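These numbers were taken from a predicted model, which means no experiment stands behind them.
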Amino acid sequence: MADSADKSRSSQKAIGASIPRSELTRLMSGKGRYVDDIKLPRMLHLAYVRSPHPHARIISIRIDEALGAPGVEAVLTGDDLNPMCKPLVGVALHRPGHRSPPQSLLATERAVWQGQPVVAVVALTRAEAEDAAEQVTIQWDPLRAVTHPLDALDKSKPVVHPELGDNLAFDFTINKGDTDKAFAEAAFVVEDQFRFERQLAMTLEPRGLIADFNPGDGSLTVIHSHQSPFQMQDVFSQHLGIAEHKVKVLAPDIGGGFGMKLNLYAEELAVAAASMRLGRPVKYCADRLESFLADAHARDHVLTGRMAVSSAGDITAMEVEDFGAVGAYGMPLRFNVAEGMMAITMSGAPYNFSDYKARTRSLYVNKNLVGMYRGVGMPFACVLTEVLADRAARAVGMDPVEFRRRNYRPRGSYPCVTPGGQKLETVSFHECLDKLVKLIDYDELRKEQQALRQEGIYRGIGIATFVEQTAYGPPYYGPSGARISTQDGCNLRLEPSGVLRCVTSITDQGQGTLTGIAQIIADSVGVPYADVGVMAGDSSISPYGGGAWASRGMAIGGEAALGAGRKLRANILDLAAAITQTSVEQLDITGGQVVNTKTGMAVISLADVAKVGYFRQDTLPADFDVQLSVSHSFAANAQMCYLANGVQASYVEVDVESGFIKLLGQWAVDDCGRIINPLLVDEQVRGGIAQGIGAVLFEECMYSPEGYLQNGTLVDYLVPMAGDLPDIFVEHVETPETATELGAKGVGEAGLIGAMGAVWVSVNDALVPFETVITHQPFSPERILDAISRSPGALNTGH
Amino acid sequence: MKAPSFRYVRARSLQHAYQVLQHHNGDAVAIAGGQSLMAGLNLRLSGPKVLVDIGGLPELSGMDCGGKEVRIGALTRHVEVLRSKALQERIPLLPQAVSHVAHAAIRNRGTLGGSLAYADPAAELPACAVALDATIVVGGLEGEREVKATDFFTGLMDTNLKPGELILAVRFPVPPPHTRFAFDEFTRRQGDFAVVGLAVTALVGGDQIETARAVYFGCVDRAKLAEQVSSALCGLKLPVADRGAIRNAVTKDLEPDDTPGWRAETKLRLAQVLTQRIVSRLAESGTQ
Ligand SMILES: Cc1cc2nc3c(=O)[nH]c(=O)nc-3n(C[C@H](O)[C@H](O)[C@H](O)COP(=O)(O)OP(=O)(O)OC[C@H]3O[C@@H](n4cnc5c(N)ncnc54)[C@H](O)[C@@H]3O)c2cc1C
């Protein structure tokens with residue numbers, strides 16, 4: 001019996017299996033350990049006094065009362081901390097003309113956004129630090145603020161950084177072919193302006209860190225809720241002047257990152273500076289109110305798009321112009337020009353045209369910095385392209401699905417480069433669309449939609465095609481000057497009992513990446529999944545790498561794991577051959593056993609191999625070299641990124657009397673190349689879709705025209721909850737990546753990008769009978785009602 | 001955010017609670033379910049010196065559904081109202097309204113008394129108390145008194161309660177058998193406070209509305225009878241043919257404010273849409 005159980009164990013491949021995240025039981029039973037759960041001896045707590053104004057001069061800062069408050073150990077201003085740290089400069093060297101002034105840790109003379117930290121209060125408890133923070137008196141001279149992307153270049157508006165002369169951070173143009181001619185000759189031109197309000201990543205666990213500077217040996221240990229411990233090790237070392245081997249960054253359990261915990265925050269560096277100054281561990285965990293003000297924001301763009309179409313229904317050209325309000329500074333290392341750049345380089349990517357003109361401008365405003373957030377600028381490209389594609393189809397009189405099929409780059413035209421510069425090689429637009437149309441029973445859905453319109457029920461169907469840039473490679477970050485590693489590594493060793501332990505440079509904030517890594521190791525060595533342990537998140541013991549961002553975990557970290565697995569497998573087989581005095585060719589590893597390749601019979605267990613390798617080397621030939629710990633790193637040197645793709649559909653109902661929208665269904669057909677774990681891939685797609693729906697229907701940082709945030713709590717900043725989401729159906733097309741052996745591409749952002757496009761298109765489709773459009777995200781009931789009231793026919797909606 | 005530090009006193013008796021509240025003279029507040037109070041403390045919107053926990057007082061608990069009226073103790077949790085079979089039969093408006101209050105975790109703790117005392121203008125239960133013409137039983141060191149719900153809510157998050165007083169119970173008259181109820185609200189997400197909500201009780205004879213009490217929430221400063229809408233409903237034949245009068249009445253009753261994301265005119269429009277839908281539902285719903 002035991003034998004047959006063993007056999008079924010061994011024949012089960014881990015890659016391709018739907019295995020739940022390995023840490024699930026631990027986290028779901030409350031046994032996780034997040035930064036805020038960790039207490040160090042002699043630890044202090046830090047709370048910030050932040051600017052209440054979007055733009056104001058600091059006349060004076062009075063800290064005496066706070067210094068005398070119970071439990072207070074220090075009250076630190078910019079004068080104390082700024083000199084300890086090299087200023088942050090968020091300029092991308094590979095983007096000519098990009099400029100940003102240096103940013104110091106705490107504001108001293110002027111605050112340039114509401115929420116910018118000014119004074120750090122350090123006390124025995126967080127509550128005492130907050131009590132004392134209320135006793136700090138700052139005398140402010142409020143100044144006029146500039147807030148809207150379209151206002152930033154207005155000469156009558158204030159300039160955020162007078163030394164720059166104006167608010168232009170970056171200006172970039174693409175011009176391919178003869179766009180003017182194409183538009184002049186077009187049978188139809190569709191165009192519109194698209195507004196995306198500011199939003200937040202809203203991780204379940206807010207940002208946090210404990211900085212522990214030890215004056216005894218000059219070392220700095222930082223326990224950090226961050227996606228890239230390596231990036232932060234480098235930053236702490238470089239900016240605080242500590243030799244890198246004395247800096248270590250540990251990422252414990254992390255409750256969500258979504259790119260937001262990849263950014264570089266001056267206020268987090270200030271915590272380390274405070275620890276250095278005080279010689280004690282200092283904890284700072286952003287509370288939810290601070291998250292609203294101080295987590296990197298996202299979006300805040302106005303885009304204009306135009307599409308030229310021939311009378312036969314061919315897209316002949318596109319034009320895109322983007323204005324992005326990136327906040328008060330360039331985001332260091334994770335440049336906030338990226339949203340605009342992705343918007344213009346990826347618009348129109350699925351479609352077969354070559355005349356293209358686009359321009360993006362990044363603008364400084366008196367708001368918090370924009371940083372990385374799931375999808376970055378890709379959703380803009382998807383929304384703009386697909387809303388225009390639907391309108392173009394209607395102008396031509398063609399069904400939107402037919403229009404897309406006609407205009408996708410034809411099968412067999414790959415590899416090719418889009419006018420925006422995307423190299424399409426292993427994409428599958430046609431295959432995904434065909435599958436989606438079947439999945440949603442498209443023709444029936446259209447019939448239902450038409451029939452219901454007769455009853456005054458307004459439903460919309462939206463189809464959105466997207467490409468997702470995943471796993472940026474050396475050609476992207478290398479020339480930017482940012483010290484960000486696009487390679488990843490994996491250390492792997494056989495333990496004496498025959499199980500495996502792996503340390504990967506990939507990190508996990510809830511994606512389940514480490515489970516996927518274990519699956520790859522299991523199959524590449526030939527052991528059961530349960531025999532592989534994976535660790536991550538310690539910059540000092542892990543092989544160097546990038547961490548988690550840009551949907552790169554499986555694509556790059558997985559390939560490194562595959563390489564490590566193969567190396568170790570070869571070493572184990574060599575050793576097994578030496579022990580059993582057989583030739584390596586006759587041996588294979590499966591199910592944790594070394595077996596005979598021909599007969600499949602067990603030859604020796606991995607435990608017995610390891611026993612000899614670690615404890616009985618005396619039984620081996622004198623010159624036999626035992627290597628049961630291996631390391632492997634991977635980067636595709638010439639690969640800009642791995643392009644994934646997919647198509648999504650939404651079905652919505654708009655209550656045209658109230659403006660409320662109900663999502664009835666959401667479907668995704670996704671192609672992320674080789675799927676290592678279907679369960680986790682589907683979870684990524686679903687989670688992304690939830691965030692995409694949130695973006696289009698709910699989430700908005702509402703700023704007053706003067707620059708004050710008006711909805712900084714979870715009561716009035718609306719994030720969709722499970723009950724507000726429709727059923728989400730996920731299917732796949734699998735086109736493996738060719739740059740790696742594993743063939744996996746990223747999938748982290750796909751759900752969000754496609755969902756934003758599909759919901760935009762579907763709501764606009766529902767409004768077609770009213771001859772009106774909605775182009776201002778989020779689609780609040782008021783904006784829907786406003787759109788309907790613009791209806792030229794002034795269709796009577798019962799009022 | 002961490003709440004500013006406070007002293008916690010668990011009341012041993014109603015008298016004890018009154019005494020502590022009186023002694024600290026405005027610096028002490030009662031805590032029941034804590035679902036509104038704790039959020040306010042953590043946001044540092046208020047900083048009382050003493051919290052008096054009334055959660056263990058038997059005088060404030062229990063539901064009596066026996067007679068011509070239903071008496072519900074102030075400490076009754078939302079979930080108890082939601083699940084009460086007796087209420088379902090006798091005053092179905094209450095469980096129906098509570099199904100819109102927040103989420104399960106909050107309904108397990110939040111109390112009827114807390115909801116009325118907090119007097120959030122967007123809350124469901126104060127509106128229902130007025131629509132059902134309830135009477136609120138109030139106690140203090142000077143004894144007990146009763147206040148009609150119509151007189152209880154005096155302004156934005158303000159009530160007729162004097163410092164040191166507690167809500168002990170709420171008395172709901174059981175509506176006559178031919179009463180119809182209608183309740184609904186517009187919320188952005190399931191469980192949110194209402195942008196615009198409406199509770200209506202109507203006495204219907206044959207196909208005619210005899211009397212009606214309509215109370216809005218969300219788009220008002222406090223729970224009060226919407227007099228114009230209520231009287232516009234009186235005498236109407238169901239189903240209502242001419243809706244113009246009701247729409248006008250809504251405009252007279254309501255004076256909403258602009259708030260982020262909502263212009264006053266949008267709220268007014270939603271109130272009109274909701275009122276029309278609720279009136280249609282009155283025609284559909286059977287007599288109780
Ligand atoms: C996320 C969230 C969503 C919510 N959504 C809704 C919603 O949709 N609709 C809704 O109506 N409510 C909602 N609530 C509020 C919830 O219903 C509260 O439970 C209720 O408003 C207050 O009841 P409580 O027992 O928790 O009161 P507490 O928070 O304990 O107290 C609130 C106030 O009432 C006073 N108080 C309490 N009991 C008495 C008493 N017997 N006598 C005198 N004063 C008293 C307290 O001193 C305090 O000032 C929500 C709450 C949360 C956290």
Side-chain angles (χ1 to χ4, degrees), chain A residues 45 47 70-71 123 125-131 133-134 197 285-290 655-662 694 697-704 708-725 778-786 788-789 797-799, chain B residues 1-6 35-36 39-45 47 99-100 102-106 120 122 184-198 243-244 246-248 250-251 256 258-278 280:
Chain A
H45 296 259
T125 67
R126 169 81 189 203
E128 286 170 325
E130 284 185 25
D131 285 343
E134 286 182 350
E197 293 288 350
C285 288
D287 66 36
R288 189 58 73 190
L289 295 184
E290 291 182 295
D655 176 349
V656 296
E657 288 186 337
S658 70
F660 280 67
I661 296 170
K662 190 169 170 30
L697 299 186
F698 296 108
E699 299 185 43
E700 174 178 4
C701 299
M702 296 183 187
Y703 279 91
S704 72
Y708 291 87
L709 185 64
Q710 297 172 291
N711 62 335
T713 74
L714 282 170
V715 175
D716 37 21
Y717 180 96
L718 306 180
V719 183
M721 291 183 263
D724 306 301
L725 297 170
F779 298 170
S780 65
E782 185 162 276
R783 290 187 184 128
I784 293 284
L785 290 175
D786 287 349
I788 292 172
S789 72
T797 61
H799 269 264
Chain B
M1 294 287 274
K2 306 290 181 207
S5 70
F6 53 78
Q35 296 305 292
S36 295
L41 291 182
N42 286 343
L43 291 166
R44 295 194 174 221
L45 295 176
S99 73
H100 293 266
H103 309 275
I106 295 152
D120 192 312
D184 209 350
E185 60 184 46
F186 280 120
T187 58
R188 290 297 306 280
R189 297 172 304 178
Q190 205 174 305
D192 279 0
F193 278 107
V195 183
V196 170
L198 175 58
R243 292 166 167 194
I246 297 174
R247 275 211 306 274
N248 286 340
V250 173
T251 336
D258 289 341
T259 44
W262 302 101
R263 294 187 304 269
E265 72 194 57
T266 308
K267 292 184 193 169
L268 208 51
R269 183 197 160 110
L270 290 181
Q272 289 174 329
V273 170
L274 187 68
T275 309
Q276 287 180 10
R277 291 183 180 175
I278 282 207
S280 318

Legend entry - Heavy-atom donor-acceptor pair, E657(A) side chain to V273(B) backbone, under 3.5 Å: no
Legend entry - Largest heavy-atom contact set with chain B, pairs under 4.5 Å, which of L697(A), T125(A), D287(A), N711(A): D287(A)
Legend entry - Side chain R126(A), main chain M1(B), donor-acceptor under 3.5 Å: no
Inset, instruction - Indicate yes or no for a side-chain donor-acceptor contact from R188(B) to the backbone of P781(A) under 3.5 Å, with no hydrogens or angles considered. - result: no
Legend entry - E700(A), part contacting chain B, at a heavy-atom distance under 4.5 Å: neither
Inset, instruction - Quick one: pull up OG in S658(A) and CZ in R277(B) and give me the separation to the nearest 0.5 Å. - result: 5.5 Å
Inset, instruction - Please list, in residue-number order, every residue in residues 189-198 of chain B that has a heavy atom less than 4.5 Å from any heavy atom of chain A; write 'none' if there are none. - result: R189(B), Q190(B), D192(B)
Legend entry - Interface moiety of D716(A) toward chain B, non-hydrogen atoms closer than 4.5 Å: neither
Legend entry - D131(A) portion near chain B, given a 4.5 angstrom heavy-atom threshold: both
Legend entry - Option that, when pairs with chain B are counted at under 4.5 Å, heavy atom only, ranks first among L785(A), I661(A), L289(A), L718(A): L718(A)
Inset, instruction - Please look at L714(A) and chain B and tell me whether the side chain, the backbone, both or neither of the residue comes under 4.5 angstrom of a heavy atom of that chain. - result: backbone
Inset, instruction - List the atom of M702(A), the atom of P260(B), and the distance in Å for their closest heavy-atom pair. - result: SD-CB, 3.4 Å
Inset, instruction - For Q710(A), check side-chain hydrogen bond (donor to acceptor under 3.5 Å, both in side chains) against everything at least two apart and list the hits. - result: none
Inset, instruction - Would you give the length of the straight line joining atom CD of E782(A) to atom CG of L270(B), rounded to the nearest 0.5 angstrom? - result: 8.5 Å
Inset, instruction - Could you tell me which of K2(B), E265(B), R243(B), K267(B) has the largest number of non-hydrogen atom pairs under 4.5 Å with chain A? - result: K2(B)
Inset, instruction - Write down the atom of F660(A), the atom of T187(B), and the distance for their closest heavy-atom approach. - result: CE2-O, 3.1 Å
Inset, instruction - Under 4.5 Å heavy-atom distance to chain A, tell me which part of R263(B) shows up: side chain, backbone, both or neither. - result: both
